[in-house]
Amino acid sequence: MEENLLRKRSGPSSPKETEKTGTPLPESSSSSRVIIKASARRLTTPCCPPGKTAFSAFSAFLFVRITAALLSNIADCDEVFNYWEPTHYLQYGYGMQTWEYSPIYAIRSWAYIRLHAIVGNVFSSLFNHDKIKVFYAIRVIFAVICSICEMLFYLSAVKNLGPRVGRYLIFTMLISAGMWNASAAYLPSTFAMYTTMIAFFYALNPVSTTSGRRIYLTIFWVGLGSLLAWPFSAAAGIPAAIEELVLRTAALRNRFERIKRLIIGFIVSTCMILIPLVIVDYYYYKKITVVPLNIVIYNVFGGKDRGPDIYGTEPWNFYVINGFLNFNFLFIMALISIPGLILTSVIDPGRISSKSTAGPIYAYLYLIFRLLPFYLWLFIFIIQPHKEERFLFVAYPLICLNSAVAIFLIRGWFDRLMSFRQMHITNARRYCMKSLTAAIIIFCGAISLARVSALYVHYSAPMTIFKHFYYEEIPSQIAARQLQVDLINNPINLCIGKEWYRFPSHYFLPDGVRLRFLKSDFNGQLPKYFMEKTYIDFDNKTKFSTEREGTWLVQEGFNDRNLEEMDRYFNVTQCDYIIDLELNYTRSALDNNNEQKYITQTDQWSEVICKPFLDAENSNRITRALYLPPIVWQKLKRFISYLPLRLTDSETIKTLGNLKWGDYCLLRRKDETEMISIKEWKVIPKLRFYFEHWYLKISSNI
């Protein structure tokens, strides 16, 4: 049995001290002893009882992840149109289809969607078909699954890397804005993040010379994430496979035993996962298709004018900036974890030790293989021209692991420094070490909290507006006007132009409301409704059939080159509502016929509700990324003003605390009575605006 590789650099400095304290000397192998210089009294290692600690860790993770499920925004339109919308279609019979779900291309798996639709159907029955509650209930399930995976990941770290690293891992996962954002997202990369944590529950164990259980289960969980969700997540398991081939091979009777394990594990896992996957996708596509293979072919061998690059490219430092934004200084520590390990091997080699008989270097090789997946993942995706934040989700737990190890190593350097300064008082050293760790955690946690708060305060307006539309606007209008709404024959048309990519899915639209697209400056391919099958019931009402033939019938108007399809657009004169963002500044790009300022067209549209939405392009970069109360920004700016001019002479520092806001609004088309006489006014727009609001107010009082 392997001993924890990362241990407190502590213990008696001589056999004489061993007799005084009764503490045995740590061993680096089964046949030798290593004496590590330290203080006279042993600095205690934190105790982590498995049962109690597991429950506490799960409770902490669950609380934080549920807040993410309830409060986080939808940051990626892919999450809506490629996952929430197909799930809504399976549940309720209608929803938006993207080209990826066309049977011609078939690069999205219905098996992954079906799992979520089953959960959604259960909650739909419990909540009386309240779709917003169903949406958040599914998210809460994500939070529970993520918490379980994090707990297993933590327990394995405690067992194999030591209780201190395990403790730091808890804190880094809890306080990181990146994990908060990714934990409750409905994305394949999030699912692959879950399976990666479970895979590392096994992969963190040392390589066995007698059993293949470790590598078999690692392959299975990596394979589940890559085949069911995202094929490229398999890269996270490459170091574990290499380790299986190169470490501790001297004790093997058969040199090819490890290769045999990898082959068997790969074949068995692929069959166990891929066969059910192909069967489910055959049921929906009505043809045999291997979706993971289709994804790889399109993204890697798509050819000219195809593949991910047509959706935009980013510079090489995109992930570095994004990593720092989501993990702040934890990301820096993750980057220095392997260089820090090499430095530790030089200045404090006894800090990393093991009871393995494979030699003293084994402990460092063992640890390098656990830190390597993050570097490999970062390298692979940095060299890709097309970059998105969600592509890093799989590596988020690995960032936390590497940063936890880095914190442990930094503590060792600090302890070494204090020993050089002849600081031998145990209590003082213990206090300094705890203060250092606490300072790192609190500082990084405060920055992450400011980041999470900024995302909610600055960008939560769309979901707030849609909730108002679902729970208040439509029910009140139906009651007041006694409307007969029918989704199939007489729907309410909600139109969106340039804000199409912030639509949070049909789960936020009441029954009887259709989403319509207005022409904007976006010239790519928009989704369209799945083909719907209906029937007439005994009450002569048209209803959706339970058969979802839209999954296998081929619709016209889809392409795999992101070319604009004009059949997506709706006539604005037939819109009943419009949701639009009005930025309170002048920019020539907005002054065109495609992106009209509907909020200023007060003769046609009345404002139902508006919420502030950050104008990121014209706001200070630091202030928009981190939320602090305005008074704090003012005091911080005043403090900075006392610094030397060369440090503060930049536009970013001068505009610190400055934010520009727009209005995210729900607009309702005015009926005939509301437009009488108002259209006849030909006055200055501002006077007209004030008169209209006065007129409507007086009319409502009468």
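Quick caveat: nothing in here was measured; it's all calculated off a predicted structure.
- When side chains are defined from C-beta on, Leu341 does not count as touching Val405, because their heavy atoms never get closer than 4.5 Å.
- Under the salt bridge (Lys or Arg N to Asp or Glu O under 4.0 Å) criterion, Glu79 pairs with no residue, sequence neighbours left out.
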Report the C-alpha separation of Phe200 and Met197 in whole Å, then their side-chain angles, then the decisive distance to 0.1 Å, and conclude whether the side chain to side chain contact (heavy atoms under 4.5 Å, CB included) test is met.
CA-CA 5 Å; Phe200 271 71; Met197 284 189 282; 5.9 Å; no
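- More than 12 heavy atoms of other shown residues, nucleotides or ligands fall within 6.0 angstrom of atom CZ in Phe201.
- Using the six-membered ring where Trp is involved, Tyr186 and Tyr83 have ring planes that are tilted, between 30° and 60° apart.
- The CD atom of Glu314 sits 13.0 Å away from the CD1 atom of Ile382 when rounded to the nearest 0.5 Å.
- Considering only heavy atoms from C-beta on, Tyr112 comes within 4.5 Å of Pro188 through its side chain.
- Residues Tyr154 and Glu150 have side chains not in contact (no heavy-atom distance under 4.5 Å, counting atoms from C-beta outward).
- Under a 3.5 Å cut-off, the side chain of Ser453 and the backbone N or O of Ala450 do not form any donor-acceptor pair.
- Applying the side-chain hydrogen bond (donor to acceptor under 3.5 Å, both in side chains) test to every pair with at least one member in residues 227-239, sequence neighbours left out, gives no pairs at all.
- When every heavy atom of Ile273 is checked against every heavy atom of Leu224, the shortest pair comes out as CD1-N, 3.3 Å.
- Distance CG/Leu367 to CD1/Ile338: 8.5 Å, rounded to 0.5 Å.
- Screening Ile170, Ile198, Leu204, Ile148 for a side-chain contact (heavy atoms from CB on, under 4.5 Å) involving Phe153 leaves a single residue, Leu204.
- Counted by atom type alone, Ser337 and Tyr375 present one or more donor-acceptor pairs between their side chains at under 3.5 Å.
- Not less than 6.0 angstrom separates the ring centroid of His116 from the ring centroid of Phe191.
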Step by step, work out the side chain to side chain contact (heavy atoms under 4.5 Å, CB included) result for Ile141 and Phe123.
CA-CA 11 Å; Ile141 295 299; Phe123 287 118; 3.6 Å; yes
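- A distance of 8.0 Å separates OG1 of Thr172 from CG of Leu401, quoted to the nearest 0.5 Å.
- When all heavy atoms of Val165 and Leu161 are compared, the pair lying nearest together is CG2-O, 3.7 Å.
- When atom types are taken as modelled, the side chain of Lys387 and the backbone of Tyr319 share no donor-acceptor pair closer than 3.5 angstrom.
- A distance-only check finds no donor-acceptor pair linking the side chain of Tyr216 to the backbone of Phe266 [under 3.5 Å].
- Two residues are said to be in side-chain contact when any heavy atoms from C-beta on lie closer than 4.5 Å; Ile352 and Ser345 fail this criterion.
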Atom pairs and distances, donor-acceptor, side-chain atoms in residues 327-335, under 3.5 Å, two or more places apart:
residue : atom : partner : partner atom : Å
Asn328  : ND2  : Cys444  : O            : 3.3
Asn328  : ND2  : Ser448  : OG           : 3.1

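- Side chain of Ser226 to backbone of Ala234: no donor-acceptor contact under 3.5 angstrom is found.
- Side-chain atoms of Trp221 and Thr196 include no donor-acceptor pair closer than 3.5 Å.
- Contact check for Leu155 versus Lys159: no side-chain heavy atoms found under the 4.5 Å cut-off.
- For Asn402 (side chain) and Leu371 (main-chain N/O), a donor-acceptor pair under 3.5 Å exists by modelled atom type.
- With no hydrogens or angles considered, no side-chain donor-acceptor pair links Ser156 and Tyr202 at under 3.5 Å.
- Salt bridge Arg258/Glu243: absent, no basic N to carboxylate O contact under 4.0 Å.
- Taking CD1 of Ile113 as the reference point, atom OG1 of Thr87 lies at 4.0 Å (rounded to 0.5 Å).
- A distance below 6.0 Å separates the ring centres of Trp84 and Phe135.
- Taking the salt bridge (Lys or Arg N to Asp or Glu O under 4.0 Å) definition, one finds that Arg108 meets it with Glu100, sequence neighbours left out.
- Taking each heavy atom of Leu392 and Leu378 in turn, the nearest pair found is CD2-CD1, 4.4 Å.
- Looking only at distances, no side-chain donor or acceptor of Ser109 sits under 3.5 Å from a matching main-chain atom of Leu228.
- The CZ atom of Phe318 sits 13.5 Å away from atom CD of Gln384, with the distance rounded to the nearest 0.5 Å.
- Distance alone, capped at 3.5 Å, places no donor-acceptor pair between the Arg370 side chain and the Leu365 backbone.
- In this structure, Asp348 and Trp413 have side chains that are not in contact, with every pair of non-hydrogen atoms separated by 4.5 Å or more.
- A side-chain donor-acceptor contact under 3.5 Å links Thr437 and Arg411.
- Arg214 contributes a side-chain N or O that, together with a main-chain N or O of Ala203, makes up a donor-acceptor pair within less than 3.5 Å.
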Evaluation steps, side chain to side chain donor-acceptor pair (under 3.5 Å), between Trp180 and Ser72:
CA-CA 8 Å; Trp180 194 86; Ser72 63; over 6 Å; no
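- Looking at heavy atoms from C-beta onward, Thr190 lies in side-chain contact with Leu187 at the 4.5 angstrom threshold.
- Closest approach of Phe232 to Val296, counting heavy atoms only: CZ-CA, 4.3 Å.
- Under the 3.5 Å distance criterion, the side-chain polar atoms of Arg65 are left unmatched by any main-chain donor or acceptor of Phe142.
- Scored by the side chain to side chain contact (heavy atoms under 4.5 Å, CB included) test, Ala454 finds His458, Tyr627 as partners (sequence neighbours excluded).
- Taken to the nearest 0.5 Å, the CE atom of Met173 stands 3.5 Å off from the CZ atom of Phe61.
- Arg139 meets the salt bridge (Lys or Arg N to Asp or Glu O under 4.0 Å) test with no other residue; sequence neighbours excluded.
- Arg390 places no side-chain N or O within donor-acceptor distance of the main-chain N or O of Ala75, the cut-off being under 3.5 Å.
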Quick one: do Lys260 and Ile263 satisfy side chain to side chain contact (heavy atoms under 4.5 Å, CB included)? Show the steps, please.
CA-CA 5 Å; Lys260 181 180 177 182; Ile263 294 174; 5.8 Å; no
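- Contact annotation: the side chain of Asn326 approaches that of Tyr396 to within less than 4.5 Å [non-hydrogen atoms, C-beta and beyond].
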Go through the steps to decide whether Ile440 and Ile407 satisfy the test side chain to side chain contact (heavy atoms under 4.5 Å, CB included), and finish with yes or no.
CA-CA 8 Å; Ile440 293 173; Ile407 293 173; 4.1 Å; yes
